[in-house]
Q: 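Following this message is one structure expressed as structure tokens.
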Amino acid sequence: MMFEFGASTMALALAGTIGGTAVAAPVQHAKPPAPTPPADPAVRTIRTLRVEGAQRIEPETVLSYTKLHAGIPYTAETLDQALKDLQASDLFADYSIAGVEDGNIVVRIRENPIINRIVVEGNKALKSDKITKEIRLAPRQIFTRSAVRQDVARIVELYRRQGRFAAMVDPKMVSLDQNRVDIVFEISEGPKSKVRQINILGNSVFSDAQIRGQMATKQARLSRMLSSATSYDQDRLSYDQQKLRQFYLTQGYADFRVTSAVAELTPDKKDFIITYVVEEGKRYTFGAVTVDSQIRDFDSSKLAATLPLKKGAWYNAKQVEDAVDSLSQTAGLFGYAFTEVNPEFQKDADTLTMGINLNIAEAKRTYVERVEINGNTQTKDKVVRREIRLAEGDAFNSFQVKRSEDRINSLGYFQDKTEIKQKPGSAPDRVILETNLEEKSSGELQLSAGYSSLENFIASATITQRNFRGMGQELRAGVSYSSYSKSVNLGFTEPYLFDTNIALGGDIFRRDYSSYSTTGDTDSTTYEQISTGFQIRAAVPLTEYWSATARYGLSYDQVTLDADTYYTNGVCDPAVAGEYLCDAVGNRWTSSIGYSLVFDSTNSRTRPSKGSKFSVSQDFAGLGGDTRYLRSTANYSKYVDLGSRFILTAHAEGGYIRGLGQQVRLTDRFYLGDPQMRGFDIRGVGPRVTRTYYDTSTVPATISTDSSSNTQTALGGTAYYQARLEVELPLGSGARELGLRPSVYMDVGAVFGGRTPTLTDSCAAANATSIACVAATRQYTDSAGNLLYLDSAGASTTTNTGTPYSYSLGAYRETYTGNSASPRLSVGIGVNWASPFGPLRIDLAKALLKADGDDSKLITFNIGGQF
């Protein structure tokens, strides 16, 4: 009979006894020997030991796990422990021990398979590469069930961190030949677990809605379908408790506390119900507010008078924090870098008052020992240092440090929010300014394509290096194309010429522009303008915020009209084109010199949220050339952070151009409309000539009711003004992740001035004498200006056959409208969206005030993409 130990059999039964035959011995008178005690029948000795089933693992390695050796005694407990040790090794799929009854022990094993590959299936919300990072199993490793369980737990935890608490992972093993397996993790992601309800218990002063409004976590509602704030997050639960405490402390409830916060997962694992239990406590007012300054330069009583904390007002912890920051900044302005301001609270529960004593610790005036710049691998140190407003040896000034941060961030060479840290120097009165930078790409190759509601297809290519050679130089080249404009330009700017605070730059350009008139609902080209030229400019700072710029430009303009459409006998025909367009035709040189004075205190040049910007400019054309005018413009912008991510922008601008000894040409005038004034079409505001046609079948002739042939041409003006108020609206984090930035705005402006053009009324004389009005005609000409006639076959020829080849101009009346300084007003809402197809801007604007002839438009959109 044979007994065997297996993976499922952990008990041992030993069989067999020790016996023999008694043999009689001769009788001796000596004392008989002591009897031998019987052997323990449960103890045996291992006579032989071998391993069966080993393929990759050496038999000696298998036996090392069992701790069995030939020649040692064994019992049921010994072999039972050997099986447990084999199980703990996690190397075997099956294991057993045979040969128990005779000591010829055989350890039989079946090795765990080798992993061939790892497969993840069913995942959509999380990409496979994010999941595989959490999986510790890998191909060519030995399969173990414990490792699979650990990987399943990791994947489930990964989904929990994404707010999917209903996610399940089912591991499958697919057997292959040569003892190999594929491991498949089948994932059922389930829905994202939302916060269904937030319950507040214990509140009486503020409603549940008011308290929920202070939390980062929001209840799942249809209106928040794009927000990620409705997903459950354990860290956000702790953050919300801090937010609640901050809210109550700003309202005077100094004893407020959250006694418990419990999040319960619904049985279907789809939603959470969060319950807060709060104790509001009593409301406190400020008691005596004092300042105790250990710095001799400061007058404690005067400092206390400047603080917003007033005795008798409701206690507000945020105001206390602001007061501490204000005193620290004040100390920093006077050169005390490491000043400590410690608020001391005297709470009186009987009178419900909170006394505040702000203790300014003694400090020494601090000087800059060293300015350290780290992290700039491409940008030269001097490019950063010239933006820092403090140098080694200067007295420390916290305002100058903040200004330096703004200037560095405005360069656009580094990741946003670069900070200058203050570290103690080699002595108590020394400070080290450490600037840690993280460079970002300053070179751009941008190819964009899109569609405009006016210009139809738009394409452009731009190459820009804003930090050329790491010297802060800007090099750019670009081309663009649309239905109405084409351009090519090259530019270069050196911001610090010969390491002096002088910027020098220049541009070379070629621009082709096609103006248009509106006939009914159709836009058609009128004149074409080709401008070729260059501009050189130089700028110097006058103060920290003021700078001056001087420039010189030379351009050659060619303005043409289509000869086949607007010319008669080789000459521009006012009856066809209009006197105002014929006057614009011609080639001319413009040589101009100009200057600008600029004030800029914004915190960012690219996307400011604080500060203001002002500029005044004048350009004089007449240093040679054919054009003479003086053009003056002014701009002002103010940016205000209203809090809670509301950004207010107020902008105003205006300009005037005066011809010097000549009329201001059509191409040099001001125009206004989209995009400066939303709610109006491009060039949709201001002076224009409208040509309406007569119905000549009646006497007197009457204006035709068919307006589809009427034309409208914008003429621009010599003066304009425009203003805008716009508020950028905050959205939830989900919408911000999508790149949505909505705003509401109001635009107001007008363009006016200039000479009234000569207007034509074809039927004025006929109607005055009550005779029939006859439409004017024009005879076609060839490219050389020769009159054309029709021969007997109907073909055009220059031979006079007596039948002119002509066309009718129609009988029309021109009116001049829109030349008024009265304000045009529009209001609207727009949104910028960083869509997957590229940046998209949509505006919905309504023109509330407009003048006769103004061309309004309700919806404007532009879309483009980078690839």
Q: Would you say S820's side chain and S822's backbone share a donor-acceptor pair under 3.5 angstrom?
A: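 Checked: pair present.
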Q: Please walk me through it: do L630 and I657 pass side chain to side chain contact (heavy atoms under 4.5 Å, CB included)?
A: CA-CA 6 Å; L630 179 64; I657 183 171; over 6 Å; no
Q: For S514 and E528, work out which heavy atoms get closest and say how close.
A: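 Minimum heavy-atom contact is OG-CG, 3.8 Å.
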Q: Contact between D854 and F680 at the side-chain level, heavy atoms closer than 4.5 Å - yes or no?
A: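 SC-SC contact between D854 and F680 confirmed.
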Q: Could you check whether R407 pairs with E544 (Lys NZ or Arg NE/NH1/NH2 to Asp/Glu carboxylate O, under 4.0 Å)?
A: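 Yes, R407 and E544 are salt-bridged.
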Q: Would you check if D855 and Q712 make a side-chain contact, meaning some heavy-atom pair closer than 4.5 Å?
A: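 Of all side-chain heavy-atom pairs linking Q712 with D855, at least one is under 4.5 Å.
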Q: Starting at CD of Q618, measure out to OG of S632 and round the result to the nearest 0.5 Å.
A: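 Going from CD on Q618 over to OG on S632, the span is 3.5 Å.
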Q: Is there a donor in the side chain of T379 and an acceptor in the side chain of N467, or the other way round, less than 3.5 Å apart?
A: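 Yes, because at least one side-chain N or O of T379 sits under 3.5 Å from a partner of the opposite role on N467.
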Q: Just by modelled atom types, is the S609 backbone N or O under 3.5 Å from a matching donor or acceptor in the N603 side chain?
A: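 Yes, because the side chain of N603 sits within donor-acceptor range (under 3.5 Å) of the backbone of S609.
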Q: Begin with the C-alpha distance, continue with both residues' side-chain angles, and end with the deciding distance and a verdict on side chain to side chain contact (heavy atoms under 4.5 Å, CB included) for F399 and K402.
A: CA-CA 5 Å; F399 174 80; K402 180 64 174 66; 5.6 Å; no
Q: Do T649 and E728 have side-chain N/O donor and acceptor atoms under 3.5 Å apart?
A: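 No.
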Q: Strictly by modelled atom types, are Y629 and D668 linked by a side-chain donor-acceptor pair under 3.5 Å?
A: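 Their side chains do not contain a donor-acceptor pair, so the 3.5 Å distance test is not met.
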Q: Roughly how far, to the nearest 0.5 Å, is the OG1 atom of T713 from the CG atom of L666?
A: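 Answer for the CG-OG1 pair, L666 versus T713, is 9.0 Å.
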Q: Going through the checks in order, is the side-chain hydrogen bond (donor to acceptor under 3.5 Å, both in side chains) test met by K850 and S856?
A: CA-CA 8 Å; K850 58 182 181 178; S856 59; 3.2 Å; yes
Q: Looking only at side chains, do S592 and R631 share a donor and an acceptor under 3.5 Å apart?
A: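 Side-chain D/A pair, S592 to R631: absent.
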Q: What I'd like to find out is whether the side chain of L844 reaches to under 4.5 Å of the side chain of L858, using heavy atoms alone.
A: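 When only atoms from C-beta onward are counted, L858 and L844 do touch, with a gap below 4.5 Å.
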Q: To the nearest 0.5 Å, how far apart are CZ in F534 and CZ in F509?
A: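 The CZ atom of F509 is 9.0 Å from CZ of F534, to the nearest 0.5 Å.
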Q: Looking only at side chains, do K638 and S612 share a donor and an acceptor under 3.5 Å apart?
A: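 Side chains of K638 and S612: no pair found under 3.5 Å.
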Q: Measure the CD-NE2 distance between Q676 and H651 for me, rounded to the nearest 0.5 Å.
A: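 Answer for the CD-NE2 pair, Q676 versus H651, is 9.0 Å.
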Q: Does the R385 side chain pair with the main chain of V383, one donor and one acceptor, at a distance under 3.5 Å?
A: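 Answer holds: no.
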Q: Please determine whether the number of non-hydrogen atoms from other residues, nucleotides or ligands lying under 6.0 Å from atom CG of N587 exceeds 12.
A: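 Result for CG/N587: enclosed.
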Q: Side chains of T435 and T418: does their closest heavy-atom pair fall under 4.5 Å?
A: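 Yes. Closest side-chain heavy atoms under 4.5 Å.
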Q: With a 3.5 Å distance limit and no angle check, can you tell me whether R724 reaches the backbone of V748 through a side-chain donor-acceptor pair?
A: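 The answer is no, because no donor-acceptor pair under 3.5 Å joins these two groups.
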Q: Could I get the full list of salt bridge (Lys or Arg N to Asp or Glu O under 4.0 Å) partners for E419, not counting sequence neighbours?
A: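 Result, salt bridge (Lys or Arg N to Asp or Glu O under 4.0 Å) vs E419: none returned.
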Q: Assess whether atom CG of L542 is packed by more than 12 heavy atoms of other residues, nucleotides or ligands within 6.0 Å.
A: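 Yes, enclosed.
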Q: Of all heavy-atom pairs between Y671 and A714, which one has the smallest distance, and what is that distance?
A: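 Heavy-atom minimum between the residues: CE2-O, 3.9 Å.
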Q: Could you walk me through whether Y496 and N501 pass side-chain hydrogen bond (donor to acceptor under 3.5 Å, both in side chains), step by step?
A: CA-CA 5 Å; Y496 275 75; N501 210 354; 3.3 Å; yes
Q: Does any part of the side chain of Y639, heavy atoms only, come nearer than 4.5 Å to the side chain of K610, both counted from C-beta?
A: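 Side chain of K610 against side chain of Y639, heavy atoms only: no contact under 4.5 Å found.
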Q: Decide whether a cation-pi geometry holds between R511 and Y513; the criteria are a distance under 6.0 Å from NZ or CZ to the six-membered ring centre and an angle within 45° of the ring axis.
A: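 No, R511 does not lie over the aromatic ring of Y513.
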Q: Strictly below 4.0 Å, N to O, side chains only: are R588 and D557 in salt-bridge contact?
A: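 Between D557 and R588 there is no salt bridge, as every charged N stays at least 4.0 Å from the carboxylate O atoms.
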Q: Quick one: do D681 and R683 make a salt bridge, cutoff under 4.0 Å?
A: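 No salt bridge links D681 with R683.
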Q: With a 3.5 Å cut-off and no angle check, do the side chains of Y745 and S826 form a donor-acceptor pair?
A: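 No, because no side-chain N or O of Y745 sits under 3.5 Å from a partner of the opposite role on S826.
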Q: Looking at K380, I'd like to know if its NZ atom is crowded, meaning that more than 12 non-hydrogen atoms belonging to other residues, nucleotides or ligands lie closer than 6.0 Å.
A: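 No, not enclosed.
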Q: Can you tell me how far apart CD1 (I859) and NZ (K846) are? Round to the nearest 0.5 Å.
A: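 If I round to the nearest 0.5 Å, the distance is 12.0 Å.
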Q: Report yes or no: do T590 and T627 form a side-chain donor-acceptor pair below 3.5 Å?
A: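 Checked: T590/T627 side chains pair up, N/O donor to acceptor below 3.5 Å.
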Q: Under 4.0 Å between a Lys/Arg side-chain N and an Asp/Glu carboxylate O for D674 and R678?
A: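 Answer for the salt bridge query: no.
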Q: Given the rule in the side-chain hydrogen bond (donor to acceptor under 3.5 Å, both in side chains) test, do S596 and T549 qualify, once you have shown the distances and angles that lead to the verdict?
A: CA-CA 5 Å; S596 296; T549 302; 5.6 Å; no
Q: Run the numbers on D394 and R389 for side chain to side chain contact (heavy atoms under 4.5 Å, CB included), then give the verdict.
A: CA-CA 10 Å; D394 288 350; R389 315 325 282 168; over 6 Å; no
Q: Spell out, as yes or no, whether a donor-acceptor pair under 3.5 Å connects the side chain of S591 to the backbone of L623.
A: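 Yes, the answer is positive, given that a donor and an acceptor are paired below the 3.5 Å cut-off.
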Q: Have a look at F599 and tell me which of Y636, F614, W546 forms a ring-ring contact (aromatic ring centres under 6.0 Å, His included) with it.
A: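 Single ring-ring contact (aromatic ring centres under 6.0 Å, His included) partner of F599 among Y636, F614, W546: W546.
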Q: Quick one: does L561's side chain get under 4.5 Å of L581's, heavy atoms only?
A: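 Contact flag for L561/L581 side chains = yes.
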Q: What verdict does the side chain to side chain contact (heavy atoms under 4.5 Å, CB included) test give for Y413 and I408, after you've listed the backbone C-alpha separation in whole Å, the side-chain angles of each residue and the deciding distance to 0.1 Å?
A: CA-CA 8 Å; Y413 310 155; I408 293 174; over 6 Å; no
Q: Do you know the tightest heavy-atom contact between N819 and G753?
A: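 That closest heavy-atom pairing would be OD1-N, 2.7 Å.
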Q: Report yes if some heavy atom in the side chain of Q473 is under 4.5 Å from a heavy atom in the side chain of F492; otherwise report no.
A: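 With C-beta onward as the side chain, the pair touches.
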Q: Taking NZ, NE, NH1 and NH2 as the nitrogens, is one of them in D619 or R551 under 4.0 Å from a carboxylate oxygen of the other?
A: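 Salt bridge: yes.
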Q: Do E474 and R476 meet the salt-bridge criterion of a basic N to acidic O distance under 4.0 Å?
A: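 E474 and R476: salt-bridged.
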Q: Could you check whether N436 and N374, counting side-chain N and O atoms only, form a donor-acceptor pair closer than 3.5 Å?
A: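 On atom types as modelled, these side chains qualify, holding a pair under 3.5 Å.
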Q: Using atom types as modelled and distance alone, determine if a side-chain donor or acceptor of S480 lies under 3.5 Å from a backbone N or O of K486.
A: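 Such a contact is absent between S480 side chain and K486 backbone.
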Q: Taking R669 for its side chain and L715 for its backbone only, find out whether a donor-acceptor pair lies under 3.5 Å.
A: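 Between the backbone of L715 and the side chain of R669 there is a qualifying donor-acceptor contact (under 3.5 Å).
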Q: Compare every heavy atom of T602 with every heavy atom of P608, then report the nearest pair and how far apart it is.
A: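 Scanning both residues completely, I find the closest heavy atoms to be CB-CB, 3.8 Å.
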Q: If you compare all heavy atoms of G491 against all heavy atoms of D507, which two are closest, and at what distance to 0.1 Å?
A: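 In this case the closest contact between G491 and D507 is CA-OD1, 3.4 Å.
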Q: Salt-bridged, D747 to R824, with N to O below 4.0 Å?
A: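 Looking at R824 together with D747, the answer is no, because their closest N to O distance does not fall below 4.0 Å.
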Q: Would you compute the distance between atom OH of Y816 and atom CG of D852 and round it to the nearest 0.5 angstrom?
A: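 It comes to 13.5 Å.
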Q: In the structure I gave you, are the side-chain heavy atoms of L390 and L433 within less than 4.5 Å of one another anywhere?
A: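 L390 reaches L433 side chain to side chain.
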Q: Indicate yes or no for a side-chain donor-acceptor contact from E439 to the backbone of T377 under 3.5 Å, with no hydrogens or angles considered.
A: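 Yes.
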Q: Answer yes when R755 and E579 have at least one side-chain N-carboxylate O distance shorter than 4.0 Å, and no when they do not.
A: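 E579 and R755: salt-bridged.
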